[in-house]
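Worksheet: one structure, shown below.
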Amino acid sequence: MKIKEKKTENWNPYRSKWKAALEKGINIIPKQTDNILYLGASSGTTISYISKLTKGIIFGVENSPQMAISLVKLSEKRDNISPIFSDARNTEFIKKATFGKKINILFQDIPSRDQVEILTNASNLIDKDCKILFSLKTQSISQQDPKKTAQEVKEKLREHFKILEIKRLEPFHKKHYFFVLNKK
Amino acid sequence: METNEIIEWNINQSKENIKKNLLKDKLIIFFTRIIEDSVNHGNPNFYGRVRELYFLIYPYSKLENTKGIYDKFKKSNFKSKDGLSLDKDEINNIKFFLDNLDSNCKLKNKDKIGDIKDILTNLIKKYLPNSSILIEPYLLGKLISSVGGIKNLYRKPSSTIQLIGAEKAMFRHISKNKPSPKYGLIYYSDNIQKAENKGKKARKLANKLALNIRIDYFQNFPQ
C-alpha cells in the first residue's frame, strides 16, 4: 500500500476526476494486470498516473488533433500507453484498434450532450464482468437543477446497467456526478 | 498480437490520421493574430507566435527553449513527415516574415505590416473565395480566430455568427433583462457602416455569410 501512495503523491484531485472519486471514498484502484479503455483522454494527465499503477495496456481515445499530439508524445515515453485518434462514437474503429484484447475497466469522461448514449453504445465493446466508471457533467445536458438531471440520467441508465455506487464530486468539480456501473 | 506491436501500430495509425486533420486555417489564424498584436501592443516580440507555428510544422519535436526554437526555425526547410504540409507560396510567405525579424524577434520596420496584410488577403481569397466577397478578409480572419478554427465556424447558425464578439452583452441580456445586442465583430464591415438600419443589415449579412462559409468549407478543405 505504501508503494502505491508514493507513486501517486503529486496527483491533483482538482485536475482529475479519477483522483477526486478516490478522495471521496470509492475504491477503484486498478489491479496489476488490468487492461483499461479510456474515452476522452485529452492530453493524458490522468493516464500518466494510471500507467504507473498497472502493467496492462491503456487505450486512450481522443478526437481533437491538438490534444492528441501530446498524447502521442506521452505514449512514446511509456511502454504501456496506446493512443487511438478517433471519435468515441465510432465503435467499429475502436474495435479494430484494440485487436480483441479483453478490457477490464471502461472509463468515460466526455462533457457532451449525448454522453449517456455514447456510454450505452460503447458498452458493446465489453463483457459482463467489466467495471464501468462514468463521470457525468450535468451542465452540458441541461441548465436546470443538477439534482433533477442526475435523477433523469439514473432512470435512463437503469435500462442497460446495474448501478453500484453514486457520489457527488462537489468540492473538487462543480456539478459533477460519478457512477460505478456493471453491465446487465 | 503482442503488446509492443499493438502500441506501434496505433502510434503510426494515429500519426497518419492527425496529419489529415491539420488544416490550412491554422495559417490564416497565425497571420491574423500577428496583425492584431501589432495593432494593439505597439512593437511586441513574436517569440510565442513563432513557437506556435514551429509546433504546427514539427509537432513531435522535443525542443523546449523558445530562443533555441527561433534560431533553429530560421535555418530549417519547412518540410516534415507528419506535420502541416505547405506549398511553395506559403513557404515563401513564412520566409518573408521571418527575414523581417531582428535578433530580439521584433519587426525591423513597422511599415512591413502592410505587406503582411496583403499576404493574409491572398491566403483568404484562395481558400474562402465565396465568403470573402461579402465581408473584408481581415474581419473574416478575426471571426475564424475568435472561435478557434473553420470547423467550429461552419457549424454555427447565422444568429450566432451575427453576435460573435458580443458575448458579454448577450449574457447581460439573458441574466439581467437589459436590451439585446444586434451585432458583434460584423459591425466594422463596410456594408453595415453605410446602411441606415444597421440591425436589419447585420441580420441579412450574417444569414448569407453562414451559407457561403459552408460552401467554402466543403469545396476547399479535405474532410
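Looking at B:K19, there are no atoms closer than 4.5 Å to chain A (heavy atoms on both sides), in backbone or side chain. For chain A, no part of B:K20 is nearby; none of its heavy atoms comes within less than 4.5 Å.
Salt bridge absent: B:K62 and A:E76 never bring a charged side-chain N and a carboxylate O closer than 4.0 Å.
Around NZ of A:K175, the count of heavy atoms belonging to other residues, nucleotides or ligands within 6.0 Å does not exceed 12. Annotation for B:K74: atom NZ counts as buried by contact number, over 12 foreign heavy atoms lying within 6.0 Å. No more than 12 heavy-atom neighbours from other residues, nucleotides or ligands sit within 6.0 angstrom of NZ on A:K55. Atom NZ of A:K184 is surrounded by more than 12 heavy atoms from other residues, nucleotides or ligands within 6.0 Å. Applying the 6.0 Å contact sphere to NZ of B:K208 captures no more than 12 heavy atoms from other residues, nucleotides or ligands. Counting non-hydrogen atoms of neighbouring residues, nucleotides and ligands closer than 6.0 angstrom, the NZ atom of B:K117 reaches no more than 12 such neighbours.
Counting heavy-atom pairs closer than 4.5 Å to chain B, the top residue among A:V72, A:I84, A:T98 is A:V72.
Counting only heavy atoms from C-beta outward, the side chains of B:I11 and A:S82 never approach each other to under 4.5 Å. For the pair A:Q66/B:K26, a side-chain contact is recorded, criterion being any heavy-atom separation below 4.5 Å from C-beta on. Using a 4.5 Å heavy-atom cutoff, the side chains of B:N17 and A:F93 are in contact. Side-chain contact between A:F85 and B:Q13 is absent, with no heavy atoms from C-beta onward closer than 4.5 Å.
Annotation: the span from A:D79 atom CG to B:I7 atom CD1 amounts to 7.0 Å, rounded to 0.5 Å. Expressed to the nearest 0.5 Å, how far CD1 of B:I6 lies from CG of A:N80 amounts to 12.5 Å. The OG atom of A:S75 sits 11.5 Å away from the CD atom of B:E8 when rounded to the nearest 0.5 Å. Distance check, rounded to the nearest 0.5 Å: CZ of B:F55 to OG of A:S70 gives 11.0 Å.
Residues satisfying the side-chain contact (heavy atoms from CB on, under 4.5 Å) test with A:D127, not counting sequence neighbours, are A:K102, A:D129.
Taking both residues in full, the closest heavy atoms of A:A97 and B:N10 are given as O-ND2, 3.4 Å, listed atom of the first, atom of the second, then distance.
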